[in-house]
Amino acid sequence: MFSVFRRSANQGTRAWLLGLPKSNGLATEAAFDTQPYKLHRLEKGPASSVSVTREKALQHYTDMQTIRRMETSAANLYKAKVVRGFCHLYSGQEAVAVGIEAAITKEDPIITSYRAHGWTFTRGVSVHGVLAELSGRASGCSKGKGGSMHMYSKNFYGGNGIVGAQIPLGAGIAFALKYQGKQNVCVTLYGDGAANQGQLFEAFNIAKLWDLPAVFVCENNGYGMGTSADRASACTAYYTRGDYIPGVWVDAMDLISVKAATEFAKQYALKNGPILLECATYRYYGHSMSDPGTSYRTREEVKDVRQKRDPIGLWKEYITKSELVTEEELKKIDADVRKAVEAAAEKAKKDPELPIDDLYCNIYSKPPSDMKVRGCDPTIWVKSK
């Protein structure tokens, strides 16, 4: 369901109109109904309707499509053995990253797990910066040292390889925000598998004890590493797992619902302390590229989600039916995104690798001028900088 704002040619103002028939003009803004939420320890939840401008509608579509294409490219680079090591893809979960980013500012820090490519992009790193990092190139966002798991940018604290370890770190970042008197929240993301880690509950405890401005987000894609959430968790209502911390369950295949839930969560956290969001989403690939993802779920299940609940497809339907954009505009975006991602991948493959000596550098932000680091061979010491 949606309503439409249309600019009046006569008055030059915006009027609120419902159920408008198709016409030659495009709407300037549309209001979309959110999907139903589930609440824990809350009397009131997120907004039931959110307005989006035409400009934002196009931007959200472009961002999600870019992440999807980027991850497809990453998968191809992995299969071609250009990408080595681990590679955890974000395809299917795009509405979480784009929806949350739409509700916060770049001054609100984010920290996440090793499924970090999409978040690295929304935090400002270019597609080339991500793919070059995956390919171990010096032009990568971490100079090719971090790979899939360890990507960073301003107010983006990774990409963390240890399951659940980012959760207490996120609480620490939220503590710093409160200590410094900033009106920002830290968004800490983790998966349904990490939700069973003990350190999660320790972080929840201290966050509530000190009423830290923390938004904890469980990206529940239904499966951990090789098994379903139902087989791994005695309680799969992850939005209630904070016990004394309020929680919201949101259909995270719907971008607008994620945006509204995050707007609500940010305002709540700034006034009252920590809150949990459970973003019910889905991943199309396996846990990592080494996991085909078919031993614990059927191909038919994945196909059904792609056809009926794909976040990009749903957003495309919303914004075309509400007359915010045209099919032709989206086709052009698709073509432009494909071309840009392909160019970034080709450049990443040709970029130089980091010199061997640089592997010993950047250990400290300001190392002593005479600092040397020992490698695997105890007789070899290399100057660090």
Side-chain angles (χ1 to χ4, degrees), residues 31-52 95-112 119 122 155-157 166-192 194-195 200-220 235 237-252 254-281:
F32 299 94
D33 291 341
T34 59
Q35 297 297 318
Y37 298 101
K38 300 176 186 177
L39 306 179
H40 171 67
R41 288 185 175 270
L42 290 167
E43 294 182 0
K44 182 181 178 182
S48 58
S49 178
V50 177
S51 63
V52 178
V96 181
V98 178
I100 288 178
E101 290 281 20
I104 61 176
T105 72
K106 296 302 181 185
E107 299 307 311
D108 294 308
I110 288 177
I111 185 168
T112 188
W119 285 104
T122 62
N155 280 326
F156 179 55
Y157 294 84
Q166 72 276 13
I167 304 168
L169 294 177
I173 296 168
F175 173 77
L177 294 173
K178 183 170 185 176
Y179 186 82
Q180 294 167 0
K182 295 183 177 180
Q183 288 300 299
N184 298 102
V185 298
C186 178
V187 177
T188 300
L189 300 114
Y190 56 96
D192 48 282
L200 173 139
F201 300 99
E202 295 174 9
F204 285 176
N205 179 65
I206 201 71
K208 181 54 187 173
L209 191 65
W210 292 343
D211 282 334
L212 302 180
V215 178
F216 295 106
V217 182
C218 177
E219 290 188 278
N220 179 9
C235 172
Y238 297 105
Y239 69 103
T240 70
R241 297 278 287 272
D243 187 11
Y244 36 79
I245 297 178
V248 179
W249 179 96
V250 54
D251 180 350
D254 181 65
L255 181 147
I256 206 68
S257 296
V258 176
K259 180 178 185 293
T262 307
E263 288 174 344
F264 173 83
K266 177 176 178 177
Q267 293 307 311
Y268 181 93
L270 288 173
K271 294 178 181 178
N272 307 294
I275 186 171
L276 269 62
L277 293 182
E278 178 185 345
C279 289
T281 183

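A donor atom on one side chain and an acceptor atom on the other are found under 3.5 Å apart for Asn220 and Glu278.
Taken to the nearest 0.5 Å, the CG atom of Leu212 stands 11.5 Å off from the CD1 atom of Ile173. Going from atom CD1 of Ile100 over to atom OG1 of Thr262 covers 4.5 Å, rounded to the nearest 0.5 Å. Interatomic distance, Ile245 CD1 to Phe216 CZ, rounded to the nearest 0.5 Å: 6.0 Å. Between Leu276 atom CG and Phe204 atom CZ the span is 4.0 Å, to the nearest 0.5 Å. Note that CG of Leu177 is 8.0 Å distant from CG of Asp108, once rounded to the nearest 0.5 Å. Distance SG/Cys279 to CG/Asp192: 12.0 Å, rounded to 0.5 Å.
For Gln166 (side chain) and Leu189 (main-chain N/O), a donor-acceptor pair under 3.5 Å exists by modelled atom type. With hydrogens and angles ignored, the 3.5 Å screen pairs a side-chain donor or acceptor of Thr34 with a backbone N or O of Ala47. Tyr268 contributes no side-chain N or O that, together with a main-chain N or O of Val215, makes up a donor-acceptor pair within less than 3.5 Å. Remark: the backbone N or O of Cys235 is paired with a side-chain donor or acceptor of Arg241 at under 3.5 angstrom. Ser257 contributes a side-chain N or O that, together with a main-chain N or O of Gln35, makes up a donor-acceptor pair within less than 3.5 Å.
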Would Lys266 and Thr105 count as a side chain to side chain contact (heavy atoms under 4.5 Å, CB included) if you check the C-alpha gap in whole Å, the side-chain angles of each, and the deciding distance to 0.1 Å? CA-CA 11 Å; Lys266 177 176 178 177; Thr105 72; 4.1 Å; yes

Could you go through Trp119 and Glu101, starting from their C-alpha distance and side-chain angles, then the distance that decides it, and tell me whether this counts as side chain to side chain contact (heavy atoms under 4.5 Å, CB included)? CA-CA 9 Å; Trp119 285 104; Glu101 290 281 20; 4.1 Å; yes

Test log, rule side chain to side chain contact (heavy atoms under 4.5 Å, CB included), inputs Asn184 and Asn155: CA-CA 11 Å; Asn184 298 102; Asn155 280 326; over 6 Å; no

Using the side chain to side chain contact (heavy atoms under 4.5 Å, CB included) rule, take Tyr190 and Leu200 through it: C-alpha gap first, then chi angles, then the decisive distance, then the call. CA-CA 9 Å; Tyr190 56 96; Leu200 173 139; 3.4 Å; yes

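Scanning all heavy atoms of the two residues, the minimum distance from Ala103 to Lys259 falls at CB-O, 3.4 Å. Taking each heavy atom of Gly170 and Cys186 in turn, the nearest pair found is O-SG, 3.6 Å. Looking at every heavy atom in both residues, Ile256 comes nearest to Asp33 through CG2-O, 3.9 Å. Across Ala174 and Ala214, no two heavy atoms sit closer than the pair CB-CB, 3.9 Å. Across every non-hydrogen atom of Ala260 and Tyr37, the tightest pair is CB-OH, 3.4 Å. Between Asp211 and Lys178, the shortest heavy-atom contact is O-NZ, 3.3 Å.
Using a 4.5 Å heavy-atom threshold, the side chains of Pro274 and Ile206 count as separate. Side chains of Thr112 and Phe156 form a contact here, defined as non-hydrogen atoms less than 4.5 Å apart.
Remark: Tyr244 OH is packed, more than 12 non-hydrogen atoms of other residues, nucleotides or ligands lying under 6.0 Å away.
Taking the six-membered ring where the residue is Trp, Tyr239 and His40 present perpendicular rings, their angle passing 60° and hence far from 30°.
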